[in-house]
Amino acid sequence: MSALLKKDWFGLGLVLIFGSILISLFKPAFISPFNLYVLMLSVSLMLVVAMSQMIIIAIGQMNLSVGAIGGLVAISFTGLMEVYSMSILPAVLIGLLIGLACGFINGYITVKTGISAFIITLATLYIFKGMNLGITEAQPFYEIPEAVKFFGNAKIFGPIPYLVIIPIIITVLMWILMNRTSLGRYMLAYGNNVQSSELIGISSTKIVIYAHVISGLLAAIGGMLVVCRLQLGTPNIGDSWLLPSFAAPVIGGAILAGGKVDVIATAFGVILVSIISQALVIFKIDPFFVQIFLGFMILLAVFINRYREYREERRTKVFSDE
Amino acid sequence: GHGVTKVALVPGGPHPYFAAWEQAGLDAVEDFGLGKADYRVPAEWDLSQQNELIESLVGQGYNAVLVFPGDAVGTNKILGELDDAGIPTAALAGCVEQPTQAKFCFGTDTGHSAYLGTKELIKALGGKGKIAHFTGFLVDPNTTLRINAVEQAVSEAGGGVEIIQVIADIDAYEPADEKINAFMAAQGSEVDGIVTTAWVPAVVAAQALTNMGDKRIKMVGIDHDEVVLKAIKDGYVHGTMLQNPYGQGYIGSYVMDKVRQGCEFKADAPWKSTAQTDQFIDSGTVFVDISDVDTYVMAMRGISLEILETFDSTYLNCPS
Amino acid sequence: MNNKIPNFVKTNQFGLLILVIVFICIFSFSTDGFTSRFNIYALSRVVALDIMIGLAMMVVILTGGLNLSLGALGVSAAMFGGWCMESMGIPISITIILVLAFGSFLGWINGFVTVRTGVHSFIVTLATMSIYFGFMTLLTEAEAFRKLPEAFTDFGSLKLFNKYISPLLIISVLTCFVLYYIFKYTDIGRKLIAAGANPDAAELSGISVDRMFIYCHMLSGFLAALAGIMLTARIGAAIPSMAGHLGFDWLLPAFLAPVLGGTLLSGGKVTVFGTMLGAILVTLINNGLYLIDVGEFWVRFFLGIILLGAVLLDRAREYFTVKNSIVS
Amino acid sequence: MSDYILELSNITKNFPGVKALDNANFKLKKKSIHALLGENGAGKSTLIKIITGVYNQNEGKLFLNNQEKSFSSPNEAMNAGISVVHQERNLIRRFSVGENLMLTNLPKNNLGLIDYNTVAKESKKWLDIMELDIDPNTIVSDLTVAKMQLCEIAKALSLESKILLLDEPTSSLSPQDTKNLFALLKRLVAEQDVSIVFVSHKLEEVFEICDEVTVLRDGKNACESEQITNLNRQKLVKLMIGRDEQIIKSKKNIDFTDESLLDLQSINTDLGHKNINLNLKKGEILGLYGLVGAGRTELIKCVLGLDKINSGQILLNNKEIKIKSPKDALEKYKIGYISEDRKKEGLILMHDVLSNAGITVWSNLKKILSFLNDSIVYNKVDPYVKQLEVKTPSYQQIVSNLSGGNQQKISVAKWLASGTDILFIDEPTVGIDIKTKSYLHELIIELSLKGTSIILITSDMPEMISLADRIITMKDFKVVGETINNHNYEEMSSSIMGNIHE
Ligand SMILES: Nc1ncnc2c1ncn2[C@@H]1O[C@H](COP(=O)(O)OP(=O)(O)OP(=O)(O)O)[C@@H](O)[C@H]1O
Ligand SMILES: Nc1ncnc2c1ncn2[C@@H]1O[C@H](COP(=O)(O)OP(=O)(O)OP(=O)(O)O)[C@@H](O)[C@H]1O
Ligand SMILES: [Mg+2]
Ligand SMILES: [Mg+2]
């Protein structure tokens, strides 16, 4: 029991359970199959995005370009299928490749120049988003193969959408990566203390590049999943990812200075954020109040999960010393 | 004596709605002998970015500016400065609020369009039912106009219609998808009609209804996104309020050239009035449903030609 | 010891200055309108605002934190100012004082919550961004204040120095000098920097770190409010959307200027003039790209490339100067 | 063929503004324990880092088993059979002890995933060898400083390398831990043919276990592979600092019946201190002895208002005071604290010497409108920095580029400058060379003669006995004894240890 209490996800799990019970007491529609389906969809998409940011938080950096990568891949993916009539599989592969390349660029420049990833990804955010706009001239692509549309819309059984499959696999893989592989442990070690881990013999180059490449790949997958969901490839995909991508890991106990992330708690963070924004709709909150509520709910969520860590977090900085 | 007219057509930011302006400008150059009529897009939806772009366009020698106001109030300042510098401007597609130095507003009366759309929805519902309204950023003054217009149309319906929910701030696809679907889950069985008054909510709501296969809920959208048009053809969406971006760009460029040649607006020009301005010319708003969704382009062209043909005689006093 | 290279050359500011000059040359020769009076005046106004926003972010980065609520705060303050002038008829000078106080107060909330709860300022300001913006929209019902005193709005379009320069730029540059003075030549400024660099050590050395952090947030609020007033004067009205949804439009310039200026993201270092030069550089590039006509859809792309180039060049300069200062 | 396992010849290493090593030579014989000595900043750690591939030398060669090698990363050195305990702590604080020990070579199961049971089992083995009673699943940040240091040594051992480099491994160990460690090191040399490089500032330790000595002074060899048998303490000190050592003893007469200046009365704290009573007389050096973890640092932090005092009172000049924060302590009551953890709490490493040395005096020096410039601060702190002979190229040097010892001097200098009445000094000479140590000792005595009252926390028994006027012993967050110091090492140490072990 006391071991459970120590877990980052435990407090959040309780909040989720009690919160859901409370909401469904007031609004039974909350646990209707269709609502669960909608909830799972929004969780699925954000999960991938949150993981993409989480792995960069793990090494104590930030990736401002997640959304830009996601958007670029989304429109490349649909563009290839619409303009070049490419079939789905190669389009997916090229999409992943673009994500990988973007991540590699971020990681490579960051580690080779020693400039903070915040700055590098701020610049690449402009570059990737600029390419996106330059290619599309702000026009969406509409010609999506039926199979893609089906994947984004159909249910496996009950309220469970096909779309959750990939995010769930990714979450499991991420858990294994962060908890059971040397690579993941080295990333966390690196995030904990860059100098120590270099002295231990961990190669910064490898760690940083791998983390960014994984982040790029996840952002790419996120972008393509959004295409499946929206059934069109608009240049705006990814524009709204940045804040939720940080909010979920941080609500899940991640420390922005690096070295501490928790995959399960991050997933719970995503669910919590989704439930909050859904609750705002379900309870018909006046649109003029929505922002205010959202702000207070974020603070509340973080308080609940953070209180016991008060001392550690008190003065951690976002960026470790360069 | 005024040199060639070089018109810049500047939207508020990158958005598919304005794409037709590009061709419209080129056609205007061809048809009316302008020097230039270029479609120039700010890199972001951001008032300051738009201002910066416009300022740099003046530096590049453009001498007339047609602008979709990044803000109905905020854009006035720069329009005034351009006017002081001898560069005529006009608001295109959406209006700026008076007092303004923009020569006129040529576009859609956003409030009126929402009002008409809601009327159409109420008609389709047979005068009673529960409706929801999905719209864009709250801080856009047009959003408030739309919310009020929808309320007004509902209040005129005489009690049979009720607005059960307004969802705003969904001008991005992903939050829109999340919120609209959450709404469908919670109120889908209760709601009878949906009116959307912004591009993204219209697309997402049309997509949601299509995905659900729901033909019971009546929806009236806005604009001409393919998703919305297809949903109309497939019967998931009742209709949409179309605007006339091509005509705006084409006729707007023409008028700017005339103004630069010294034409003045007639004192008794039959301006329309909107909540924002009383120097408004309607570029045409039409409601299309399944019956005319395939032919709306022709209908729009008809409206444009009609406006163009009578424009000089109706609005302008030109030096001979 | 080798001291052939003057100290100033070793700084980030020097690198930026060179870049600024290079870009001015490139744009003056390759475009028509760049040196026109209209363009320079327009640039001076844009730069003025970007400097102020950059400074407002810089003073929170100093603490090792971030202020995401910057834009929301600035707009809230500006709307408050609009309300004072239009609805309450309060004179301009008093309004300005009230607005700056109001901005500092919102900044104080950010600082107080951050310090007292131990939640990171990134999250606190993420939440207050929503809250401030939400309250602002709720209270104003998204209505703009546009019947502002003419003396006030005229100031925004005043042209000085042979009509080349906006007075707003002068305010910003003056602010830079004041901040520079504070950080370099006052006890309090030094304490702010020390607290940001190593809070634990500063605390044990008799500095009240919590108070310093709150001061930084208040200063940030103050500067954001000042930016809000300046923007109001420039557009002649206080508009809820003047910094975009949730004030987001301010965030990129807010980060770019200090970051290019050499402010350390981990805190404990400020570069006031670096931030100023950073803001100038970004504005120049943006403007130049529009003039050069790369096609607006590609502007962001090239802006990104140039930014990347600028930080890489700066790193190269640093490397070079360090290498040259090695004793042999 | 020589029987040197490791040989460095003519190594030069430059840092911006500093020549850390200047044509230095070093030879490590097989199966020997070789002491690497020198003042702070002499270049010892730099040499270690060159051997382990952290830095690349600018000039010179490195031979391993008579073959020329150059390591471009710590990994390569590790693979070549060199393991190291660096001067800085290098454990990953949020990881468990076991994982830290195994980190470079985490055991995998047949799926290729980390097997944490094996991690625990394997690491337990090395903890047992070190006679460390720690559960491998403990998170490192929950350990005391001493335990962390021991874990770090265990980690180095776990690589089973033939060359072991230990950079000040005993700096935070208790005498008992040190004794155990030495026994183990001797066993490794005898039984497993390991060769060890040992860096320390404690000469007793060097004489206890080392065979050969190399001394660095300003990056140059002051002696090279000298047999320990040819040296004595005096000679060694002379090699290191260029002159003889001075032994300092406080010869004051404190009237212990005087009124106390500072009085802690039945203090109970949040951290677990029980009924602490102690008083400090004017001009007295009150020693606070205890084994590491006795709660001394924590007591001081509670007094400074950083943690909560639940009951009891603090009297200053017989008046009850409430200290809310270190700022309060400094500005209202003229009480200062020199932290034991100079990197985290003592210094702002990224700032220059001047702002670190001046931080405590800014408030006092500020002029109208809070005006303050460098020269005002410089005038104030310069005498103290000079007095401590801080070795720095200039006041603009960034503190993190100074050697550990010089950093410590700066963190002392700033409190000297602030001119407090009461000074808490926590482990002032950890990692400090002999020369500086005696300066610091002199300084502490001089301060107290001038009327500053000092509470001195140190785990270094000789230091305690040579400096303190009265020694209070703490154990498990309680005061367990009080002795007036007669400066007789044998008597005092047995009486203190008697208090602890009673
Ligand atoms: N990374 C660095 N950058 C610049 N100078 C450095 C760096 N590391 C060490 N130095 C300088 O090199 C010299 C040697 O330092 P080193 O750490 O090797 O000394 P040391 O003998 O280990 O001292 P101590 O006993 O205090 O640990 C010092 O003057 C130090 O300031
Ligand atoms: N056996 C133990 N196991 C775990 N934690 C301990 C143990 N003993 C002490 N601690 C805790 O470890 C922390 C570090 O104690 P520390 O060694 O700094 O105490 P101290 O007496 O001030 O040290 P020093 O004697 O070196 O000044 C304290 O918070 C203390 O509560
Ligand atoms: Mg050393
Ligand atoms: Mg201690």
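Atoms considered below: every heavy atom in the structure, side chains included; atoms not considered: hydrogens, waters and symmetry mates. Letters go in sequence order (proteins before strands), and every chain restarts at 1.
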Are side-chain heavy atoms of B:Met219 and B:Tyr236 found at a separation under 4.5 Å? no
Expected output: side-chain A:Ser215 to main-chain A:Ser52 donor-acceptor under 3.5 Å: yes
Chain B shares the most heavy-atom pairs under 4.5 Å, among A:Ala154, A:Ser42, A:Gly130, A:Ala29, with A:Ser42
Non-hydrogen atoms of chain A under 4.5 Å away: do they reach the side chain of B:Asn181, the backbone, both or neither? both
Any salt bridge between B:Arg216 and B:Asp192, counting N to O under 4.0 Å? yes
For the residue pair A:Phe141 and A:Phe77, is the inter-centroid distance of their aromatic rings smaller than 6.0 Å? no
Can you list the residues of residues 201-209 of chain B that sit under 4.5 Å from chain A, counting heavy atoms only? B:Val203, B:Gln207
Any residue of residues 218-237 of chain A which, by heavy atoms, sits under 4.5 Å from chain B: A:Val226, A:Arg229, A:Leu230, A:Gln231, A:Leu232, A:Thr234, A:Asn236, A:Ile237
Between B:Asp223 (side chain) and B:Asp225 (backbone), is there a donor-acceptor pair under 3.5 Å? no
Between A:Leu47 and A:Thr171, what is the shortest heavy-atom contact and its length? CD2-OG1, 3.2 Å
Using non-hydrogen atoms only, which part of A:Thr136 is less than 4.5 Å away from chain B: side chain, backbone, both, or neither? neither
Any side-chain heavy atom of B:Lys179 within less than 4.5 Å of one from B:Phe183? no
Ring-plane angle category for B:Trp21 and B:Tyr39, please: parallel below 30°, perpendicular beyond 60°, tilted otherwise. perpendicular
Top residue by heavy-atom pair count (under 4.5 Å) with chain A, among B:Tyr17, B:Tyr173, B:Phe18? B:Tyr173
More than 12 heavy atoms from other groups under 6.0 Å of CZ on A:Phe293: no
Got more than 12 heavy atoms from elsewhere within 6.0 Å of NZ, B:Lys215? yes
Using a cut-off of under 4.5 Å for heavy-atom pairs, which of B:Glu22, B:Met184, B:Glu178 has the most such pairs with chain A? B:Glu178
Quick check against the 3.5 Å criterion: does A:Ser32 have a side-chain atom that pairs as donor or acceptor with the backbone of A:Pro28? no
Interface moiety of B:Gln165 toward chain A, non-hydrogen atoms closer than 4.5 Å: side chain
How would you list, by chain and number, every residue that makes a ring-ring contact (aromatic ring centres under 6.0 Å, His included) with A:Tyr37, sequence neighbours excluded? A:Phe34
With the threshold set at 4.0 Å, does a side-chain nitrogen-carboxylate oxygen contact exist between A:Lys129 and A:Asp239? yes
Which residues, numbered in order, of residues 278-289 of chain A come under 4.5 angstrom of chain B by heavy-atom distance? A:Gln278, A:Val281, A:Ile282, A:Lys284, A:Pro287, A:Phe288
NZ/A:Lys27: more than 12 non-hydrogen atoms of other groups inside 6.0 Å: yes
Scan B:Thr196, B:Thr144, B:Thr197, B:Asp171 and name whichever one has a side chain to side chain donor-acceptor pair (under 3.5 Å) with B:Thr135. B:Thr197
